[in-house]
Amino acid sequence: MSTQASTTRMEKIVSLCKRRGFIFQSSEIYGGLNGFWDYGPLGAELKRNVKELWWKSMTRLRDDIVGLEATIIMHPKVWQASGHVDTFSDPMSTCRACKKLVRSDQVWDMLETTPWAQAVRDAAPEGKPDPEALLKWAKGKGLRAVPNFAFVKEPEAILARVAAHTADWDAHGQALMQILSTADAAGPLAMPCPHCAGELTEPRPFNLMFKTYVGPAATEEDIAYLRPETAQAIFVQFKNVVDSTRVKVPFGICQIGKAFRNEVTPRNFTFRSREFEQMELEFFIKPDEVVQAQTGSVAAFAPDAPHTEPQPNWGWELWHKYWVEERFRWYESVGLKRSSLEEYWQKPDELAHYARATVDILYKFPFGTQELEGIAARSNFDLTQHQTHSGKSMEYFDQEANLRYVPHVIEPSAGVDRLILALLCEAFEEEEVTDEKGQTETRTVLHFHPRVAPIKVGIFPLLKNKPDLVKKAIEVRDLLRPLMNVFYDDGGAIGRRYRRQDEAGTPFCLTIDFDTIGENGPEKEGTVTLRHRDSMTQERVRIADLPALLMAKIS
RNA sequence: GCGGGUAUAGCUUAGUGGUAAAGCUCCAGCCUUCCAAGCUGGCUAUGAGGGUUCGAUUCCCUCUACCCGCUCCA
């Protein structure tokens, strides 16, 4: 899809979301708030359905996973142990030339291995600049390699500043490098961009964690954070769950909940938001050594073998693979085609320091193929961290193996809001429809899987000025209402009402007509028209059969 | 945070330094025997703040939000 077409498609989806009440801008009447979105009536139903299906597939349909619902604000030490306090607050600089965003504290490290920076260091033995060598480089190789470098642009003027420098030169050449990077003699000293040698802006703090204060005093000691992920709560409560539920490794703890990140750039509608919801599972497994000791071997990965039935001799690799496959199956069950998804194995240099392997499940959004879920093999990093920081043992006693160990973990971690957006993108279609008169028109329809559709069935009396039809329609509504989300509508022509439900993604509509109330003979009495959203076909169904028929389709 | 673009009704668009226009949607009524029919009536808008001006939706500035890049990994 071209950029133009994909942007237009995305705009249409955003517009539909607002028009029909799926997603609104947060605080819209005050101008909105960057990175925050609300779900309207239809969106709220859609999201509830999705979360419910995930929760059900994790907890109720399995006997090896239990649920948890923890608080958003936790002890600040949790985030020190997890590493978030360190990794989520970086000073950042932007390059004025190439506009890249760089972590300020990594600039000097990055320059260590940069060829052009090495050339500059070569022209300054022991950190003491050699003006002739520098000038030669600036007018030759430097000019070709890093034309954005301030020194290359004005070698003579900056060399004069180097000569006027009276303080000591440091052996790493940082003082020299800063003078060479700074274009404005009157301004503060700059750092060079490791990518293009352009001038970097002043470091600015980027705190990705939202801070708040616990208690009214609001002093430094009261600082707490809104959780940037739900996973840590699971690790923190690991012991309590083990002690209270009789679970045995391998087992999982799952949680759905809000998380908060002060993103640099919220973008792409709800895709990257500052307040978002996660569905995370931490699946605890035996360390490979324990599996080895118990079963004599750790099963090796075989590319063609299915990994649908867990085995006692599985090590982390097979458990990881198992969860990747499970998660793909689940995405297909809520209506994302396998062909719309991609599986991406992170390269070794992309892996977080704690991860042995991470697979991303990506969805082909109109704005690009982007991550819905990451499935990480995290070893026992997190539990060990919390053991160290809290001083409390996170060891599990394995009766079968007669061993004590800190379990390893496989973490499938999904973004709910991203999934909702993917479902909307997947479902959205503008169809050309030709009517009886040969006129073509556009039918906007959301092809949600009935399982996730916000409204399951629309219920219409064919005509609203015929009390018998209305009365019967209300009876049908009351019959189905306790079982599923129904929408009763008697406004406008019947075709209009069908189309309204198409835009809402309602898979079924029922029309109560004169046959239903027995005007055309007893054999048709008690039947209604069941209209299907995707095919627009109709069938005749007995009212008495509706509950079972519809329940089968939506569950 | 940086660069580029955009901002008029619920949606899509028009227009103007002097009363803001239309289509669709929505609401009410009439009509209507299965795919956005018709008739009548109705609600609703210049993102926020400041400046220039007798007068600003229009010109200028600031802010905010959205879209596209840099960045990001739920």
Side-chain angles (χ1 to χ4, degrees), chain A residues 3-4 6-8 10-12 14-16 18-21 24-36 92-103 195 201-206 208 228-231 259 261 263-269 271-273 276-280 344 346 350-352 358 360-362 367 370-374 376 411-419 433 435-437 439 441-444 460-466 469 491-503 509-515 519-520 528-529 531 533 536-538:
Chain A
T3 308
Q4 184 76 48
S6 61
T7 303
T8 310
M10 207 51 220
E11 280 169 0
K12 283 176 176 168
V14 172
S15 164
L16 173 68
K18 181 170 185 196
R19 186 168 71 245
R20 305 305 315 209
F24 305 128
Q25 227 181 341
S26 164
S27 326
E28 197 193 82
I29 60 168
Y30 289 102
L33 191 58
N34 193 349
F36 296 89
M92 304 285 273
S93 298
T94 317
C95 173
R96 294 190 208 275
C98 71
K99 309 298 180 197
K100 286 204 165 118
L101 203 58
V102 190
R103 276 179 58 173
H195 303 284
T201 57
E202 292 276 296
R204 259 182 296 269
F206 275 66
L208 261 57
E229 61 171 41
T230 55
R261 293 185 193 176
E263 290 291 343
V264 181
T265 315
R267 194 59 68 81
N268 288 325
F269 198 30
F271 182 79
R272 176 166 290 111
S273 307
F276 58 100
E277 200 154 14
Q278 293 183 304
M279 305 186 292
E280 293 195 300
Y344 177 77
Q346 287 192 8
E350 295 172 321
L351 291 173
T358 298
D360 292 337
I361 296 179
L362 313 173
F367 49 81
Q370 300 272 359
E371 186 182 353
L372 285 182
E373 167 159 351
E411 176 194 88
S413 167
V416 185
D417 308 272
R418 293 178 169 193
L419 173 52
V433 185
D435 66 17
E436 292 152 1
K437 298 173 199 123
Q439 303 262 317
E441 57 183 11
T442 307
R443 180 172 86 116
T444 304
F460 317 138
L462 183 60
L463 300 173
K464 91 164 158 183
N465 58 358
K466 298 286 185 291
L469 294 179
I494 191 73
R496 176 186 295 277
R497 283 177 266 165
Y498 285 147
R499 297 301 173 83
R500 276 200 280 249
Q501 291 309 309
D502 289 341
E503 267 199 351
C509 292
L510 300 173
T511 298
I512 284 75
D513 61 12
F514 293 95
D515 287 355
E519 280 200 4
N520 300 315
V528 296
T529 302
R531 183 261 194 184
R533 174 196 63 201
M536 298 202 291
T537 54
Q538 303 186 339

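No hydrogens, no waters, no symmetry mates; every other heavy atom, side chains included, goes into these values. Order of the sequence lines sets the chain letters (A, B, ...), proteins ahead of strands, with each chain counted from 1.
A close approach under 4.0 Å does occur between a side-chain nitrogen or oxygen of A/Asn34 and OP1 or OP2 of B/rC66. Between B/rC68 and A/Asn268, a contact under 4.0 Å exists linking OP1 or OP2 to a side-chain N or O. Proximity of A/Arg261 to the phosphate of B/rA74: a side-chain N or O atom is located under 4.0 Å from OP1 or OP2.
Screening A/Arg20, A/Arg443, A/Arg533 for a salt bridge (charged side-chain N to carboxylate O under 4.0 Å, His left out) with A/Asp502, the sole residue that qualifies is A/Arg443.
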Between protein and nucleotides 26-28 of chain B, what N or O pairs are separated by less than 3.5 Å?
residue	atom	partner	partner atom	Å
B/rC26	OP1	A/Arg500	NH1	2.5
B/rC26	OP2	A/Arg496	NH1	3.0

Hey, what are the protein-to-nucleotides 8-12 of chain B N/O distances that come in under 3.5 Å?
residue	atom	partner	partner atom	Å
B/rC11	OP1	A/Lys18	NZ	3.0
B/rC11	O3'	A/Ser15	OG	3.2

Anything under 3.5 Å between a protein N or O and an N or O of nucleotides 45-50 of chain B, put it in a table, one pair a line.
none

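Taking the salt bridge (Lys or Arg N to Asp or Glu O under 4.0 Å) definition, one finds that A/Lys466 meets it with nothing, sequence neighbours left out. Scored by the side chain to side chain donor-acceptor pair (under 3.5 Å) test, A/Glu280 finds A/Thr230, A/Ser413 as partners (sequence neighbours excluded). By the side chain to side chain contact (heavy atoms under 4.5 Å, CB included) test, A/Gln538 pairs with A/Tyr498, A/Thr529, A/Arg531, sequence neighbours left out. Remark: A/Arg19 pairs with A/Ser15, A/Leu16, A/Glu503 by the side chain to side chain contact (heavy atoms under 4.5 Å, CB included) rule, at least two apart or across chains. For A/Asn268, the side chain to side chain donor-acceptor pair (under 3.5 Å) criterion is met by no residue, not counting sequence neighbours. Taking A/Lys18 as the reference, A/Glu28 meet the side chain to side chain donor-acceptor pair (under 3.5 Å) condition, with sequence neighbours excluded. For A/Phe367, the ring pair (Phe, Tyr, Trp, His ring centres under 6.0 Å) partners two or more places apart in sequence, or in a different chain, are A/Phe271, A/Phe365. Residues that satisfy the salt bridge (Lys or Arg N to Asp or Glu O under 4.0 Å) test with A/Glu371, not counting sequence neighbours, are absent from this structure. Residues satisfying the side chain to side chain donor-acceptor pair (under 3.5 Å) criterion with A/Asn520, sequence neighbours excluded, are A/Asp515.
Each of A/Met10 and A/Gly495 was matched to the nucleotide of RNA chain B holding its nearest heavy atom; the match closer to the 5' end belongs to A/Gly495.
In this pair, A/Tyr498 does not lay its aromatic ring on the base of B/rA36; centres under 5.5 Å and planes under 30 degrees do not both hold.
Summarising the base pairing, B/rC66 is matched to B/rG5 through a Watson-Crick or G-U wobble pair whose two defining distances lie under 3.5 Å. As the counterpart of B/rA21, B/rU13 is assigned, both hydrogen-bonding distances of the Watson-Crick or G-U wobble pattern falling under 3.5 Å. Pair assignment for B/rC30 gives B/rG38, based on Watson-Crick or G-U wobble hydrogen-bonding distances that are each under 3.5 Å.
Comparing the C1' positions of B/rA36 and B/rG23 gives an interatomic distance of 14 Å, to the nearest angstrom. One C1' atom belongs to B/rU25, the other to B/rC63, and the distance between them is 32 Å to the nearest Å. Distance check on atom C1': B/rA74 versus B/rU6 gives 29 Å, rounded to whole Å. Separating the C1' atom of B/rU44 from that of B/rC27 is a span of 11 Å, rounded to the nearest Å. Distance check on atom C1': B/rA37 versus B/rC24 gives 15 Å, rounded to whole Å. Annotation: B/rG42 and B/rU8 have their P atoms spaced 26 Å apart (nearest Å). If you take atom C1' in B/rA56 and the same atom in B/rC35, they sit 48 Å apart, rounded to whole Å.
A donor-acceptor contact under 3.5 Å is formed by the side chain of A/Arg531 with the base of B/rC35.
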